[in-house]
Protein chains: 4
Amino acid sequence: MFRSLNMDPEKEDRIIKAATKVFAENGYQRASTNAIVKEAGVSKGILFHYFNSKKELYLTLYEDLSELFAEKIYNQLDSEERDIFEIIRGVSIIKFEMFSMYPDLINFLNSAFQEEAPEVKEGIDQIKGALTDSSFTKLFSNIDATKFREGIDVGKAIQIIYWTFEGFANQQQAKARTISVNELNKEEILAEINSYTELLKKSFYK
Amino acid sequence: MFRSLNMDPEKEDRIIKAATKVFAENGYQRASTNAIVKEAGVSKGILFHYFNSKKELYLTLYEDLSELFAEKIYNQLDSEERDIFEIIRGVSIIKFEMFSMYPDLINFLNSAFQEEAPEVKEGIDQIKGALTDSSFTKLFSNIDATKFREGIDVGKAIQIIYWTFEGFANQQQAKARTISVNELNKEEILAEINSYTELLKKSFYK
Amino acid sequence: MFRSLNMDPEKEDRIIKAATKVFAENGYQRASTNAIVKEAGVSKGILFHYFNSKKELYLTLYEDLSELFAEKIYNQLDSEERDIFEIIRGVSIIKFEMFSMYPDLINFLNSAFQEEAPEVKEGIDQIKGALTDSSFTKLFSNIDATKFREGIDVGKAIQIIYWTFEGFANQQQAKARTISVNELNKEEILAEINSYTELLKKSFYK
Amino acid sequence: MFRSLNMDPEKEDRIIKAATKVFAENGYQRASTNAIVKEAGVSKGILFHYFNSKKELYLTLYEDLSELFAEKIYNQLDSEERDIFEIIRGVSIIKFEMFSMYPDLINFLNSAFQEEAPEVKEGIDQIKGALTDSSFTKLFSNIDATKFREGIDVGKAIQIIYWTFEGFANQQQAKARTISVNELNKEEILAEINSYTELLKKSFYK
DNA sequence: GATGAATGAGTGTTCATTCAT
DNA sequence: CATGAATGAACACTCATTCAT
């Protein structure tokens, strides 16, 4: 997966993991290459030997993790599914599970989403654009419009649904900073996802 | 408005404007006090004479601009209005107009909203909390629930409406980075706000 | 006492006291004029109006407090006394009492004694020289040499006695940093002064 | 001796020497890292690469030079010697010779002895404590008390002897600031050390 | 006389990147 | 291939002194 010249795969992995963690925790600017090499237990030189600059490291990471994430979604999601709520719930659950398993990955992706540093902003947007075109819109392009009530602008309805789940996810993440996730509130969260789903279905569906 | 000891008001203004701009464009961390004093055309010393630290400058700015913004909202909004769509449309329009007049102010507030730098995060949250309690929730506390259809969870419906307009605003802002706002798309944007309003009303209201 | 041009005596006093304290606690270099004016509750300008520079403030202070101290010694000491032990014991006790009443004064004088900052070092030495010549050596110039045993170099013996009490004072001061002085150890200290006196008398006197 | 990771020993030496000199001449506070790197002819970065802060540089220096000094004393002193005058004369001579060879070292150690800067004071005391316990008191713990005259408090007598030589050393050092040491006064100084020794022996010994 | 706003060189420290080994 | 020593510009912040009011 990673475009290695001659990379020792174990060392590769250590750098990837360390960089993901450090970038996720600090954002692009605050993350120092020193912290990354220290966390990875490798030398300074090797980092710049493989990735030529901090920027390239970040963007490579972003691209690869985004792809990994998209693949996961693509593989685990029933591609025949045409009900938008089922699609979004599916995505939410996959995201939720990945967060339990690879919190750094999800945190990195989220922090990248709102990264402001000009050195990488453009690069992020380009990668995001490419990915969105190739896989993300696909997700929403096949929606079964016949389930919506007459007179409803389906495109806009989909946007509303999307923003709702996005807003909800942000809300949960904000909470998660103070309260640690455990089984108890996992149930609660899923229940609340269902409430929003029901409400939107009742409103938009026939 | 600004707690100046005896600041020359013109110099005060230059510092405020410069800091707002530089912070808005770079976020807390990347923004350098050097860039601010250069932009403002003042000496290094004077900045620290009035604001004791970069952190204090940022937080003072945030507090004052938030208040200014909240006041504007408070003054221009009909406080008798109990229809949530009218409230949110009002807020959106005020925001929109302020962005045309003081783009740095709005950009600063938005960037503060998602600021990650630990030096100021807590401070931002505190100020936000104080403001939200005193004025923002007030906005939504008085909603006329009788307009909603039977069986609809009004609290959740309000959240959806809020997230929708928030998502829309973000979308517009993202576009605005590449395309400059002009009269033409102002009309379009307002039209689209209306479309979303109609759609949500049709779905949630009796 | 202080060479005031037109100084408001009450303001004068506040500056003097504040400067003594701040210099005593921080030494010349670390003491900031800001801290002094803040402590004194006066404006920055007035400090530099009366004393033209930090250096002049320090040296003026040093000179005046030294004189004050020398005067106190001179007044309270029996000038007819020709026994060196009585003289030194007298000085020690006066110092000790002054420390209880004006700790900043004594602390300032002590810190000045070992001040390293080149801006003031020379000035201190000059003042010290002048004072020592005019009053301090006088103290020791009149010693009754006949009390010493035959064959003893009286000048050197006096030096030894002087260094002993100086060393003892430093030792006490070092202790005082951790333990606060109270009545109990005041007695102890005086007792120990007496022991050293006895020992030296037994050794040097006939 | 110095805990260098992989320091080029010649560069190491330059930094050490420069820092010793600059600290000795200015004390902790006034000594600037700029002055040190300039004196050493190295880059700013490298100083902080090896020593993480000015404080650490100072304390490392202090510890190493103290040890070096203690070792020298330990090695050159006859450990069987139980006559306090011989011990102290030995120490004085070693100190004197070291001052001729490494004046900065001795000056640094002396200035550290009376360093007031709060950033390093505690650290100095800790190191001093550790050293004193391990080696210095050892020097005085084995004194032959039988040489002292009857009725003399040996502990106090030792203190007097110690303070005398300390006072003498300070006096010489103060002089040395204005007059440079040369062979001529080396002889004089040793002669004077002998006079004080004789006087104290005559007074305290049987 | 009295104020405190204003200056700008100076401080300790950080950091991405390079390169001799 | 791999190391980590080395660089130096940039950073936030301080401070004695001046001067318009």
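Residue numbers start from 1 in every chain, and the chains themselves are labelled A, B, ... in the order their sequence lines are given, proteins ahead of strands.
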May I have the distance from [X] (atom [atom1]) to [N] (atom [atom2]), rounded to whole angstrom?
X         : N       : atom1 : atom2 : value
Tyr28(C)  : dC15(F) : OH    : P     : 13 Å
Asn26(B)  : dC11(F) : CG    : C1'   : 14 Å
Glu119(A) : dC15(E) : CD    : P     : 14 Å
Lys38(C)  : dT3(E)  : NZ    : P     : 17 Å
Ile36(B)  : dC11(F) : CD1   : P     : 11 Å
Lys11(C)  : dT3(E)  : NZ    : C1'   : 9 Å
Asn34(B)  : dA10(F) : CG    : C1'   : 8 Å
Phe48(C)  : dT18(F) : CZ    : C1'   : 9 Å

[X] side chain near [N] phosphate (N/O to OP1/OP2, under 4.0 Å):
X        : N       : result
His49(B) : dA5(E)  : yes
Thr33(C) : dC15(F) : no
Ser43(A) : dG4(F)  : no
Tyr50(B) : dA6(E)  : yes

- Nearest nucleotide by nearest heavy atom, which residue falls closer to the 5' end of DNA chain E, Lys54(A) or Asn52(D)? Asn52(D)

- Message: Go nucleotide by nucleotide along DNA chain E from the 5' end; which of Gly41(B) and Gly45(A) gets its closest nucleotide reached first?
- Response: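 Closer to the 5' end of DNA chain E: Gly41(B).
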
- Task: Mind running ring-ring contact (aromatic ring centres under 6.0 Å, His included) on Phe108(D) and Tyr58(D) for me, showing each step along the way?
- Result: CA-CA 10 Å; Phe108(D) 175 88; Tyr58(D) 187 91; 5.2 Å; yes

- Is there a donor-acceptor contact under 3.5 Å from the side chain of Glu115(D) to the main chain of Tyr28(D)?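 Yes, because the side chain of Glu115(D) sits within donor-acceptor range (under 3.5 Å) of the backbone of Tyr28(D).
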
- For DNA chain F, whose closest nucleotide is more 5', that of Gln29(B) or that of Val42(A)?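 The residue whose closest nucleotide sits nearer the 5' end is Val42(A).
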
- Query: Reckon Ala35(A) touches a base, only the sugar-phosphate, or nothing at all at heavy-atom distances under 4.0 Å?
  - Reply: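 No contact at all - Ala35(A) keeps every heavy atom at 4.0 Å or more from the nucleic acid.
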
Compare all side-chain heavy atoms of [X] with those of [Y] and state whether any distance is below 4.5 angstrom.
X         : Y         : value
Leu68(B)  : Leu105(B) : yes
Glu116(A) : Gln114(B) : yes
Ile106(B) : Phe69(B)  : yes

- Query: Does dT18(E) have a Watson-Crick or wobble partner in any strand here, with both distances under 3.5 angstrom, and which is it?
  - Reply: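 dA5(F) is the nucleotide pairing with dT18(E).
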
- Task: Identify the nucleotide, in any strand shown, that forms a Watson-Crick or G-U wobble pair with dA9(E), with both distances under 3.5 Å; if there is none, say none.
- Result: dT14(F)

- Message: Check this for me: does the side-chain of Lys44(C) come within 3.5 Å of the base of dT17(F) through a donor and an acceptor?
- Response: yes

